[in-house]
Amino acid sequence: MIGRGHAPGRVNLIGEHIDYNGGTVLPAALSVGVSVELEPRSDTQMRLGTDQYETTAMRDMSEDAKGDWTDPSLGALREAKALGLLEGGANLAIRSTIPQGAGLSSSAALIVAILKAARDAATGATASDADIAIAARRVENNYLGVPCGIMDQFAVAIAKPGMAMALDTASLAYELVELPQDHRFVVLHSGVSRKLTDGRYKTRKEECDAAKAHFDTDNLCALDPAKIATSNLAEPIRRRAMHCASEHRRALASVEALKSGDMAHFGVLMNESHASMRDDFEVSLEAIDALVATALREGAIGARLTGGGFGGCIVALVHNEAKDKWCATVLRQHPKARLICEA
Ligand code: GLA
């Protein structure tokens, strides 16, 4: 039997680099996504066809990652097998509308969609969407060697377009919150590409681990910022911890602002988040700071770097009716930037 799975892309509205530090994050699902058809095979081969590449790839399920485009799919099938959703190999047909390398979780969405398709094809499968999200993170961390947190996988496994997910990454409890009708979150690519495997993401993770060891805690976000401010932790580790504790509080406040429709306050929190990522966590770049500044000057209510940083996208909050003119004016001043999508 053929199984089908779908997962959307995501943009993170606020709560950056705290999904591996016990914080609350607020990603939103996008209308772009990945759809997968999976047909189980009785041998141990994966046959992979996508609308992104003309060729079809064959690989054996026993193979390690080799650093090409087929790895995420093979890793997902291996994980499906480990979960008992698949006995042998599979034929995969993949269609994606998520721009790759833009920081919209195209890889998490692909892996989650494959796992969901395997669940759909299996008889009597009991894996929940949360189980699938956790398994998808294992594929990234253990098979692909990408040191990411749990945010992307949870968002794309559970949230639907038009919804944000307030996810407590310490307990994995979550709440879905509707996005406002009269505002848009617009995602603009800075023109500077980035990869989580380039080492800088890992460095930040190691710096956070050093802060955790100093305070003897698993949860940097639960620390009182005043305690971090007065600690004898060396720089820049102290500032990294400060970002986590303050970003977590901003994310919690943003969830409340979103629920009560206070988008002006949401914008203020986005701007504070950007400043913290720039000054304390140091994951921004001049080109991104300049794009954020233009976005605000031209009328955005809030704007910030989104995702892992060191390039990629900004997300800006704008009124519906101002959006088109705003976007054209911002892009005219930043020829390398481009509109990616909106939520
Ligand atoms: C990437 C990772 C996520 C998260 C963000 C930063 O998107 O995949 O787990 O850490 O960076 O918030």
Side-chain angles (χ1 to χ4, degrees), residues 7-30 72 75 98-112 133-159 164-170 172 174 187 189-190 192-209 212 219-221 240 243-248 250-251 254 269-270 273-274 276-278 280-285 288 304-315 340 343:
R10 72 92 187 93
V11 57
N12 193 22
L13 305 182
I14 197 162
E16 220 67 80
H17 279 274
I18 55 174
D19 65 335
Y20 52 89
N21 289 311
T24 289
V25 294
L26 189 61
L30 299 171
I98 308 179
Q100 288 189 4
L104 302 180
S105 292
S106 56
S107 162
L110 171 63
I111 294 166
V112 164
I134 292 165
R137 183 189 184 190
R138 276 199 298 270
V139 176
E140 298 270 8
N141 290 172
N142 305 341
Y143 187 72
L144 302 173
V146 178
C148 61
I150 187 68
M151 165 172 75
D152 304 344
Q153 293 75 18
F154 248 80
V156 307
I158 296 168
M165 168 186 265
L167 172 67
D168 173 346
T169 63
L172 296 183
Y174 65 86
V187 183
H189 198 287
S190 61
V192 186
S193 46
R194 30 79 54 201
K195 271 196 169 159
L196 291 190
T197 42
D198 79 359
R200 288 177 289 186
Y201 184 97
K202 184 161 166 270
T203 303
R204 288 295 174 278
K205 200 159 181 290
E206 286 164 359
E207 289 167 344
C208 291
D209 288 344
K212 286 179 193 168
N219 190 336
L220 275 188
C221 296
R240 306 296 187 246
H243 166 77
C244 294
S246 66
E247 183 76 351
H248 172 61
R250 283 186 290 274
S254 300
L269 294 161
M270 288 176 81
S273 169
H274 183 75
S276 179
M277 289 174 81
R278 180 191 62 211
D280 282 348
F281 216 66
E282 295 183 284
V283 289
S284 191
L285 300 173
I288 306 243
R304 55 182 292 278
L305 166 62
T306 180
F310 305 110
C313 294
I314 71 158
V315 57
I340 296 289

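Just so you know, these numbers come straight off a predicted model, no measurement behind them. Whatever order the structure lists ligands and atoms in, that order sets their numbers, starting from 1.
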Between N12 and ligand 1, does any nitrogen or oxygen pair lie at a separation below 3.5 Å?
no
For I18 and T24, work out which heavy atoms get closest and say how close.
CD1-O, 3.2 Å
So, regarding R10 and ligand 1 (criterion: nitrogen or oxygen to nitrogen or oxygen, under 3.5 Å), is there a contact or not?
yes
Using a 4.0 Å cut-off to any heavy atom of G149, which atoms of ligand 1 qualify?
9 (O)
Contact region, R137 to ligand 1, non-hydrogen atoms below 4.0 Å, reads neither
List the atom of H274, the atom of S284, and the distance in Å for their closest heavy-atom pair.
CE1-OG, 3.6 Å
Using every non-hydrogen atom in the two residues, find where S273 and R250 come nearest and quote the distance to one decimal.
CA-NE, 3.5 Å
Atoms in ligand 1 with a heavy atom of Y20 nearer than 4.0 Å
10 (O)
At less than 4.0 angstrom from any non-hydrogen atom of G307, what atoms of ligand 1 do you find?
6 (C), 11 (O)
Which atoms of ligand 1 are found less than 4.0 Å from any heavy atom of H17?
6 (C), 12 (O)
Closest heavy-atom pair, A108 versus D152, reported as atoms and distance to 0.1 Å, is CB-CB, 3.9 Å
Please check if any side-chain donor atom of N142 sits under 3.5 Å from a side-chain acceptor atom of R138, or the reverse.
no
At less than 4.0 angstrom from any non-hydrogen atom of M151, what atoms of ligand 1 do you find?
4 (C), 5 (C), 12 (O)
Going by the order shown, which atoms of ligand 1 are within less than 4.0 Å of some heavy atom of G308?
11 (O)
With a 6.0 Å cut-off (strictly less than), is the heavy-atom count around OH of Y174, excluding the residue itself, greater than 12?
no
Please list, in number order, the atoms of ligand 1 under 4.0 Å from a heavy atom of C148.
2 (C), 8 (O), 9 (O)
S276 vs E16 side-chain heavy atoms within contact, under 4.5 Å
no
